[in-house]
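Convention: sequence-line order gives letters A, B, ...; per-chain numbering from 1. Everything numeric here is computed off the predicted structure, so don't read it as measured data.
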Number of protein chains: 2
Amino acid sequence: MADYDTEEEFLKHYNVRQYDLPLATVDMAIFTVQDQQLQVLLVKRALHPAKGQWALPGGFIDMKKDQSLSDTAYRKLKEKTGVDTPYLEQVATFGNASRDPRGWSLTVSYFALISSDQTTLSMDSRSEEVAWVPVTQVGELELAFDHEQILQACHERLRAKVQYTSVPVNLMPEVFTLVELQKTFEIILGSPIEKKSFRRRIADADILEETGEMKSGPSRPAKLYRVKNKGENYFFTRLMEGAR
Amino acid sequence: MADYDTEEEFLKHYNVRQYDLPLATVDMAIFTVQDQQLQVLLVKRALHPAKGQWALPGGFIDMKKDQSLSDTAYRKLKEKTGVDTPYLEQVATFGNASRDPRGWSLTVSYFALISSDQTTLSMDSRSEEVAWVPVTQVGELELAFDHEQILQACHERLRAKVQYTSVPVNLMPEVFTLVELQKTFEIILGSPIEKKSFRRRIADADILEETGEMKSGPSRPAKLYRVKNKGENYFFTRLMEGAR
DNA sequence: CACATAAGTGGCTTTAAGCCACTATTTGCT
DNA sequence: AGCAAATAGTGGCTTAAAGCCACTTATGTG
């Protein structure tokens, strides 16, 4: 490669197109809790490759539309769910020569958490099939590419975080009761949590405020809460072990 | 885009070169502890862009040489330090339109931990300058691109992990004493650790074995230890808070 | 052979989780 | 009206692991 005196000079002669570059995509696991289960959004691929297979929503970084990686993630999320204020977290990047038949490719994975009342699924422009699938049943589906591995990484990250952060509050609707919140934690954790321990932690974290309203049912009404500072999440100094 | 009946047909007509793709690189923070300080390996860039500035070692994914992302990381590490058995962990991926003057680019960052006795720095083929720099002094250097931000992410990840994992053992030489190990933890944490607490944790984790040898100095000799299962690391259920 | 020095331990305190029974507040049935 | 069923929410003890800090141990040195 020729050398140039100034960076300006160098850049004038620089042409990205002369290099072989890996394909770069963003894929995401969009989680919600519905029907007492952790569900993930999947799309049935309308185009080659892996046409007809279920996959995580995602796609190429659009260098025109997207100023940054997270823009790509937000754009995809909006396309599939209509939601534009999720909790979003980057998980890991998978890249190798064999994961996509089109050649060396790399995908940056994110997980998003949304409340089940925030979204009604929308068929997107290419009218793909879109569906919520319980994560426990994804195994039966043979996801495209290495998406099962990606989903597993996202799921593991979420499951780890339920043990030491308040992140799962991002799966809740605007207002909710402590019992509903605990149930959400338990669904992600996959095992019951001791009530007193749970409530102490949430109280100590000081992340909720009472709405003043109550939720009434066929028994004692429960106080309704709201998240204090949406987006911030609290880290505990100890893992929640789960009960029994 | 035309549609094809089979994936085979589709792939035959697929040409990556027709798309605009972001530049894809791997950058790494290679850490070691020397002179009672956490140090990071930096290289002075020999070529444009950012010629002459200090930067994290890294470079383009070589689709010929590298079968996967971590191959790129291992290759770069070997080039700069001669080390080929580090502790390596992916941290995060940074990608946007402005971080590199050549255009939309994305970099996957890793941190590596090596023992200071494992390496003698080697000038690589392009004879760049290479140096260990205490992380506390990197601020004075004006790193290239967004490498300061990348380094910060790597450093934060390492600092978080010292509080709840045994990861820092990967910075130790083959054999070492418990006091030396504690000192390493303290250097990363940036504050002293209570001796008894530290030793209890290490003992409970059951990750070390005695060599049978002692290290003698001008006072009571200390038992020498070796890591039991290199590469595995232990997760504690509580954070180490640090003393005083 | 005392003494300085650093390695390593004993034993109490503190913090936050686990356990589980108890009280509180509502609806609905008789 | 009164009582049972059901779920919300609390009191108070136990347990696990970290913090604290003084004490004992083993070695080289003057």
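- Taking atom OH of A:Y164 as the reference point, atom P of C:dA17 lies 16 Å away to the nearest angstrom.
- Across the protein-nucleic acid pair, A:D204 atom CG and C:dT15 atom P stand 12 Å apart, rounded to whole Å.
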As a quick check of understanding, evaluate side chain to side chain donor-acceptor pair (under 3.5 Å) for A:Q152 and A:E148, giving each step before the final call. CA-CA 6 Å; A:Q152 196 181 318; A:E148 181 150 1; over 6 Å; no
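- Atom CG of A:L171 is separated from atom CD of A:Q34 by 11.5 Å, given to the nearest 0.5 angstrom.
- If you take CD of B:E210 and C1' of C:dG8, they are 12 Å apart, rounded to a whole angstrom.
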Return all side-chain donor-acceptor pairs below 3.5 angstrom for residues 224-233 of chain A, not counting sequence neighbours, or 'none' if the list is empty.
| unit_1 | atom_1 | unit_2 | atom_2 | d |
| --- | --- | --- | --- | --- |
| A:R226 | NE | A:E209 | OE2 | 3.4 |
| A:K228 | NZ | A:D206 | OD1 | 2.8 |
| A:K228 | NZ | A:D206 | OD2 | 3.3 |

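- With respect to A:K76 and A:E79, a salt bridge is recorded, a charged nitrogen being found less than 4.0 Å from a carboxylate O.
- Computed from coordinates, the A:M240 CE to C:dT15 P distance equals 20 Å when rounded to whole Å.
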Close N/O contacts between protein and nucleotides 6-8 of chain D (under 3.5 Å):
| unit_1 | atom_1 | unit_2 | atom_2 | d |
| --- | --- | --- | --- | --- |
| D:dT7 | O4' | A:S219 | OG | 2.8 |
| D:dA8 | N3 | A:R220 | NH1 | 2.9 |

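- Mapping B:F198 and A:M214 onto DNA chain D via the closest heavy atom, the residue that lands nearer the 5' end is A:M214.
- When the C1' atom of C:dC19 is taken as reference, atom CD1 of A:I193 falls 15 Å away, rounded to whole Å.
- Between A:E194 atom CD and C:dA16 atom P there is a gap of 17 Å when expressed in whole angstrom units.
- Of the candidates D:dG9, C:dT9, C:dT15, D:dG9 carries the atom nearest the A:L178 side chain, counting heavy atoms from C-beta on.
- Salt-bridge formation is detected for the pair A:E180/A:K215: a Lys NZ or Arg NE/NH1/NH2 atom is positioned less than 4.0 Å from an Asp or Glu carboxylate oxygen.
- Judged purely by distance below 3.5 Å, without hydrogens or angles, the side chains of B:D66 and B:T72 pair a donor atom with an acceptor atom.
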Output side-chain donor-acceptor pairs under 3.5 Å for residues 133-146 of chain B, partner residues at least two apart or in another chain, one line each.
| unit_1 | atom_1 | unit_2 | atom_2 | d |
| --- | --- | --- | --- | --- |
| B:D146 | OD1 | B:R99 | NE | 3.2 |
| B:D146 | OD1 | B:R99 | NH2 | 2.9 |
| B:D146 | OD2 | B:R99 | NE | 2.7 |

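- The separation between A:R238 atom CZ and D:dA16 atom P is 10 Å, rounded to whole Å.
- For the pair A:R201 and C:dA17, the criterion of a side-chain N or O lying under 4.0 Å from OP1 or OP2 is met.
- Comparing B:R200 and A:L239 along DNA chain C, the residue whose closest nucleotide (by nearest heavy atom) sits nearer the 5' end is B:R200.
- Between the side chain of B:K196 and the base of C:dG8 there is no donor-acceptor pair of N/O atoms closer than 3.5 Å.
- A residue-by-residue look at A:S197 and A:G217 shows that A:S197 has its nearest nucleotide of DNA chain C further toward the 5' end.
- Protein atom CD1 of B:I202 is 17 Å distant from nucleotide atom C1' of C:dT9, rounded to whole Å.
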